[in-house]
Number of protein chains: 2
Amino acid sequence: MPDNPQSEQPRRRQARGERRVAQLLEAAANVFCTTGYTAASTNAIAREAGVSPGTLYQFFPNKEAIAVELSSKLMHEMRESHGETLALVDPAASVADVIDTTIDRLIDFTCRRPEFFALVHGPDIPGRIAEEHDALHLSMVQRVEELVAAFLPGAPRADVERVAQVCLGVYKSGLELVLAREGAERDAYVREIKDVLIRYLEPLVEQHGSGTPAPATH
Amino acid sequence: MPDNPQSEQPRRRQARGERRVAQLLEAAANVFCTTGYTAASTNAIAREAGVSPGTLYQFFPNKEAIAVELSSKLMHEMRESHGETLALVDPAASVADVIDTTIDRLIDFTCRRPEFFALVHGPDIPGRIAEEHDALHLSMVQRVEELVAAFLPGAPRADVERVAQVCLGVYKSGLELVLAREGAERDAYVREIKDVLIRYLEPLVEQHGSGTPAPATH
DNA sequence: GACAAACACGAGCGGTCGCTCGCATTCTAA
DNA sequence: TTAGAATGCGAGCGACCGCTCGTGTTTGTC
């Protein structure tokens with residue numbers, strides 16, 4: 001065991017260096033956004049940031065590290081924002097109200113951080129990022145599961161998980177439609193995907209409120 | 001398909017050549033599927049097909065042409081299958097019945113052709129394919145719009161389009177969830193996404209007047 | 001069998017990529 | 001002031017990419 005596991009040498013970084021890193025990450029966000037991970041060249045990222053390739057490699061060991069740092073930053077931000085959004089749901093509110101406020105908050109965040117959506121949806125991203133994203137997705141599923149479980153007390157775990165997955169899937173596909181629109185049209189689409197979710201969930205809740213067990217599907 | 005309508009030089013092709021083309025397209029489907037378009041190397045495709053790079057270029061002018069031919073073949077197949085599925089919908093049936101049979105057919109097809117889904121969803125595909133796919137998507141939207149319009153007679157065009165887009169979006173996200181499952185779990189997810197669509201559409205239909213949609217005109 | 005066309009090969013060309021390295025410049029601490 | 005660390009540069013290395021080309025083999029036709 002020659003060296004400690006994660007923490008490296010105390011590589012002191014000057015203010016200039018911090019600025020460069022931020023600059024490079026922003027440039028990387030742009031380039032990854034427009035060309036995808038594989039097609040983005042490190043030289044292009046350096047050029048976009050207005051520095052030389054050598055400078056880029058002063059701060060990142062390799063191309064993957066750039067994407068990993070960028071995405072983990074975005075995911076951390078998203079985990080905080082979305083986690084908070086899903087956590088402060090009023091459990092006594094109606095399904096319609098919960099959906100309404102929650103969807104508004106989630107969409108608001110994503111509209112303000114379009115890089116995230118663009119970066120994470122490529123099929124050519126390195127494994128590290130895919131894993132992180134899977135973990136993020138999983139944690140969101142779990143939070144939604146908690147919400148669903150609160151609305152469907154006593155429902156089988158498999159049912160709760162399925163409902164949560166479907167809700168997230170509907171939300172994601174709606175997000176894509178919403179992001180492709182603007183103004184009034186965008187609002188109409190937001191309204192529409194809320195309706196989809198509300199109409200999907202309300203019958204489930206009603207069925208469960210009367211003490212009737214699992215939905216009579218299959 | 002013995003000849004091309006707007007063909008070029010009369011490049012006669014022997015049976016061996018036809019076999020090679022099919023072999024190469026299949027290999028390309030595999031490689032594109034697993035690595036995406038950009039990361040897939042023509043050498044790898046040739047190797048997968050068991051031929052030399054030179055042989056590959058005997059039959060395709062460049063890498064893009066391979067992807068274009070492969071995808072246009074898949075899209076043609078899909079257009080036929082899905083077009084037929086959406087065309088032979090019984091306009092007198094209930095929303096629930098229409099959704100039930102239609103979703104079953106669409107999902108059946110996609111389960112049998114997983115390459116398509118994998119190939120077309122990359123962000124790094126060449127422009128030609130993206131255009132073709134957009135055209136395919138558009139034609140599907142239009143068919144769904146026709147269906148929706150039949151169920152919502154007199155609804156504004158913008159509303160009909162939005163409903164159609166949302167339906168397709170929900171279907172696609174459901175497809176992703178379904179393809180990631182197997183057996184009984186898959187069936188449960190299929191049932192679930194049908195429910196989402198039915199519960200979304202039924203109130204719209206009822207709201208628009210008579211429960212019986214556009215009767216067979218005259 | 002003779003001949004041309006189609007088919008097959010694989011070394012290698014020109015190019016881009018991720019990344020390195022030697023060296024110049026700027027900052028910080030003593 | 002000055003040593004040395006941090007920052008910055010950019011030509012260029014090695015690897016791999018899409019693709020070519022000279023050459024040899026198979027196939028169809030006479």
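All chains are named by letter (A, B, ...) in the order of the sequence lines, taking the proteins before the strands, and each is independently numbered beginning at 1.
- Side-chain nitrogen and oxygen atoms of A:Thr42 include at least one within less than 4.0 Å of the OP1 or OP2 phosphate oxygen of C:dG18.
- One finds no salt bridge joining A:Arg181 and A:Asp187 here, because no Lys/Arg side-chain nitrogen approaches an Asp/Glu carboxylate oxygen to under 4.0 Å.
- Between the P atom of D:dG10 and the CD1 atom of A:Ile45 lies a distance of 18 Å, rounded to the nearest Å.
- Residue B:Asn62 is classed as a sugar-phosphate contact, given heavy-atom separations below 4.0 Å to backbone atoms only.
- Side-chain to base pairing of B:Asn43 with D:dC16: no donor and acceptor N or O lie closer than 3.5 Å to each other.
- Between A:Tyr57 and the phosphate of C:dC19, there is a side-chain N or O to OP1/OP2 separation shorter than 4.0 Å.
- For the OP1/OP2 pair of C:dT26 and a distance below 4.0 Å, the side-chain nitrogens and oxygens of A:Arg16 include no atom meeting the criterion.
- Taking for each of B:Thr55 and B:Arg47 the nucleotide of DNA chain D with the nearest heavy atom, the 5'-most of the two is the partner of B:Arg47.
- The side chain of B:Phe59 lies closest to C:dC7, out of D:dC9, C:dC7, C:dC27.
- Heavy atoms of B:Gly17 sit under 4.0 angstrom from primed sugar atoms or phosphate atoms, though from no base atom.
- Ion pair A:Glu77/A:Arg113 flagged as a salt bridge, since at least one NZ, NE, NH1 or NH2 atom sits closer than 4.0 Å to an Asp/Glu carboxylate oxygen.
- We find that CD of B:Glu18 is positioned 16 Å from P of D:dT27, with the value rounded to whole Å.
- The pair A:Arg105-A:Asp108 fails the salt-bridge criterion, with no side-chain N (NZ, NE, NH1 or NH2) lying under 4.0 Å from an Asp/Glu carboxylate O.
- The distance between atom CG of B:Leu56 and atom P of C:dG10, rounded to the nearest whole Å, is 14 Å.
- Among the atoms of the strands shown, only primed sugar atoms or phosphate atoms (P, OP1, OP2) are found under 4.0 Å from some heavy atom of A:Ala40.
- Counting to the nearest Å, the C1' atom of C:dC17 and the OH atom of A:Tyr37 are 12 Å from each other.
- The phosphate of C:dA8 has neither OP1 nor OP2 within less than 4.0 Å of any side-chain N or O from B:Ser52.
- Nearest heavy-atom pair, B:Ala49 versus B:Leu24, reported as atom, atom and distance to 0.1 Å: CB-CD2, 3.7 Å.
- Of the N and O atoms on the side chains of A:Tyr200 and B:Glu192, at least one donor lies less than 3.5 Å from an acceptor on the other residue.
- Distance, B:Lys63 NZ to D:dT20 C1': 17 Å, rounded to whole Å.
- Counting only heavy atoms from C-beta on, B:Gln58 has its side chain closest to C:dA8 among D:dC9, C:dA8, C:dA6.
- Considering only side-chain N and O atoms, B:Arg12 lies nowhere under 4.0 angstrom from the phosphate OP1 or OP2 of D:dG28.
- For the pair A:Arg19 CZ and D:dG8 P, the interatomic distance rounds to 8 Å; values are reported in whole Å.
- Toward the 5' end of DNA chain D, the nearer of the two residues A:Gly54 and A:Gln14, judged by each one's closest nucleotide, is A:Gln14.
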